[in-house]
Amino acid sequence: MYRDTWAEINLKQIRANLTIIRQTLPAQVKLMAVVKANGYGHGDVESARSAELAGADYLAVAYLEEAIHLRTEGIILPILILTPIKPDDVQLAIAFDLMLTVTSAAWFKAMRAFKAEASCSKLKVHVKMDTGLGRIGIKTKEEWDEIVPWLRAADMVVDGFYTHFATAGKEETAFLDQQADRFKTMMAWSERSSIRINHFHCAGSAAALRFPHLALDMVRIGAAMYGFYPQKLISHLRLEPALSLHSRLIQVKRLMKGEFLGYDNLYQAEADEWIGTIPIGYADGWSQRMQQTEVLIEGKRAPIVGKICMDQLMVRLPEYCEEGAKVTLIGKQGDEEITFSELAAHIGSVPQEISTSLTARVTREYTGKKEAEARWGKEILSYRSNNVLM
Ligand SMILES: *Cc1c(COP(=O)(O)O)cnc(C)c1O
């Protein structure tokens with residue numbers, strides 16, 4: 001690391017969060033840890049290993065390349081890909097032992113050009129139902145009936161049947177109840193088709209933590225394992241974010257009353273002020289939507305002033321500070337704290353938009369990584385030597 005801007009990621013905290021979540025669930029409910037988008041910005045492999053250590057049963061990612069990356073790094077848990085892959089990539093999914101989300105008969109039809117039913121390899125799928133989110137999934141009984149013969153094929157393993165909620169993080173539950181009812185109706189379709197289905201699942205973090213009766217056979221935990229959850233609605237738990245973000249002042253200068261600062265002269269000093277420059281900008285994921293937020297220096301809040309640039313931003317210091325002073329953009333300094341929730345509220349989004357926006361240019365520094373590596377090192381080596389593709 002040649003630049004003083006880094007994200008600290010405490011893997012012990014991710015494990016602690018998962019352990020707490022695990023304890024709230026009935027023992028037979030499986031836990032699928034969602035590590036898509038580079039583990040919500042926390043590192044995909046590091047998050048996956050932490051989940052493995054904390055007793056997760058499954059992993060999930062959004063895309064095929066994310067799953068392949070986990071496999072090539074030696075992750076051996078079952079992995080579900082949450083977005084349908086291209087039918088022509090089906091052999092790749094089989095070779096890496098990945099489970100696919102399926103949403104249409106047309107997909108199966110196209111996939112058959114790339115995998116003969118008589119071939120000895122099995123394809124594991126989870127059928128995705130659209131109960132009201134409107135994103136992906138089977139919506140009608142007709143679509144379900146159309147997909148059933150494809151699911152009955154001899155080389156098919158239907159490991160799951162699932163849906164996703166639109167409003168699990170909202171206080172009002174009428175729409176969620178409606179989706180849950182719709183899912184029950186759809187589960188009845190599947191039972192009448194007498195297809196063997198291993199797991200029914202519908203709950204992401206918020207639904208799993210708020211409504212234990214929605215845990216079914218498995219829950220898909222993303223946000224909460226990283227410490228992101230609607231605290232007001234889930235006050236019986238205490239999860240903590242695992243990521244904090246830091247930098248250092250690279251220049252401290254005087255700005256005199258009336259002088260301008262930054263691109264487009266956005267800011268003009270109202271008095272003689274101390275200004276500090278910090279080496280982080282929108283190319284690191286600290287976008288111009290963070291205008292008018294604050295950072296911590298020497299335990300005090302300092303507002304961002306002037307436009308956030310690509311590589312740097314400026315803050316108004318409460319008093320003179322030494323160059324090199326530590327700056328905290330997310331996390332604690334003394335009694336002060338800048339939280340993900342505060343920043344997310346400012347940009348009108350959720351904490352995971354902030355953590356996933358941190359680009360590869362921001363170095364990730366881990367604590368609690370050695371434990372995971374020590375425990376899994378041997379398994380990884382043996383997995384690699386047993387897998388022809390590695
Ligand atoms: C991302 C995702 C999840 C995880 O949701 P969280 O709210 O982060 O726990 C679960 N299921 C699906 C289908 C997803 O896309």
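For this chain, numbers begin at 1 and follow the sequence in order.
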**Request:** Quick one: sort the Tyr226 and Phe228 rings into parallel, tilted or perpendicular, breaks at 30° and 60°.
**Result:** tilted
**Item:** Tyr282: partners by side chain to side chain contact (heavy atoms under 4.5 Å, CB included), with sequence neighbours left out
**Value:** Gln288, Met310
**Message:** Parallel, tilted or perpendicular, judged at 30° and 60°: which one describes the rings of His126 and His201?
**Reply:** perpendicular
**Message:** If you compare all heavy atoms of Leu255 against all heavy atoms of Phe260, which two are closest, and at what distance to 0.1 Å?
**Reply:** CD1-O, 3.7 Å
**Request:** Could you tell me whether Arg254 sits above the aromatic face of Trp274, with NZ or CZ closer than 6.0 angstrom to the six-membered ring centre and within 45 degrees of the axis?
**Result:** yes
**Prompt:** For the side-chain contact (heavy atoms from CB on, under 4.5 Å) test, which of Met129, Met32, Arg220 pairs with Tyr162?
**Reply:** Arg220
**Message:** Please give me the minimum heavy-atom distance between Asp272 and Lys257, naming the atom from each residue.
**Reply:** OD1-N, 2.9 Å
**Item:** For the student: nearest non-hydrogen atoms of Ala37 and Thr356, plus distance
**Value:** CB-CG2, 4.1 Å
**Message:** Within this structure, what is the NZ-NE2 distance for the pair Lys128 and His164, rounded to the nearest 0.5 Å?
**Reply:** 6.5 Å
**Request:** Please determine if Arg301 and Glu342 form a salt bridge, counting it only when a charged side-chain N lies under 4.0 Å from a carboxylate O.
**Result:** yes
**Prompt:** Salt bridge between Lys122 and Asp159, side-chain N to carboxylate O under 4.0 Å?
**Reply:** no
**Item:** Nearest atoms (heavy-atom pairs only) where Asp311 meets Ala283
**Value:** OD1-CB, 4.4 Å
**Nearest heavy-atom neighbours spanning Ala207 and Leu214** = CB-CD1, 4.5 Å
**Asked** Taking the side chain as C-beta and beyond, is there a heavy-atom pair between Asp44 and Val61 under 4.5 Å?
**Response** no
**Asked** Once the angle between the rings of Phe161 and Trp144 is folded into 0 to 90°, is it parallel (under 30°), tilted (30 to 60°) or perpendicular (over 60°)?
**Response** perpendicular
**Asked** Do NZ/NE/NH1/NH2 and the carboxylate oxygens of Arg364 and Glu46 come within less than 4.0 Å?
**Response** no
**Message:** On a heavy-atom basis, which atom in Ile81 and which in Ala62 lie closest, and how many Å separate them?
**Reply:** CG2-O, 3.4 Å
**Asked** Between Ile76 and Glu52, is any pair of side-chain heavy atoms under 4.5 Å apart?
**Response** yes
**Prompt:** Yes or no on side chain to side chain donor-acceptor pair (under 3.5 Å) for Tyr267 and Arg316, after CA distance, side-chain angles and deciding distance?
**Reply:** CA-CA 11 Å; Tyr267 180 74; Arg316 188 177 61 228; 2.9 Å; yes
**Message:** Are the side chains of Met156 and Val125 in contact, using a 4.5 Å heavy-atom criterion?
**Reply:** yes
**Complete:** With sequence neighbours left out, the residues meeting side chain to side chain contact (heavy atoms under 4.5 Å, CB included) with Asp155 are Arg112, Lys115, Glu117, Ala153
**Complete:** Rounded to the nearest 0.5 angstrom, the CD1-NE2 distance for Ile280 and His246 is 11.0 Å
**Item:** Reported NZ-to-CG distance for the pair Lys326 and Leu249, which is rounded to 0.5 angstrom
**Value:** 12.5 Å
**Prompt:** Quick one: do Asp57 and Arg22 make a salt bridge, cutoff under 4.0 Å?
**Reply:** yes
**Message:** Quick test of your reading: applying ring pair (Phe, Tyr, Trp, His ring centres under 6.0 Å), list the pairs with at least one residue in residues 54-76, sequence neighbours left out, ordered by first then second residue.
**Reply:** Tyr58-His199
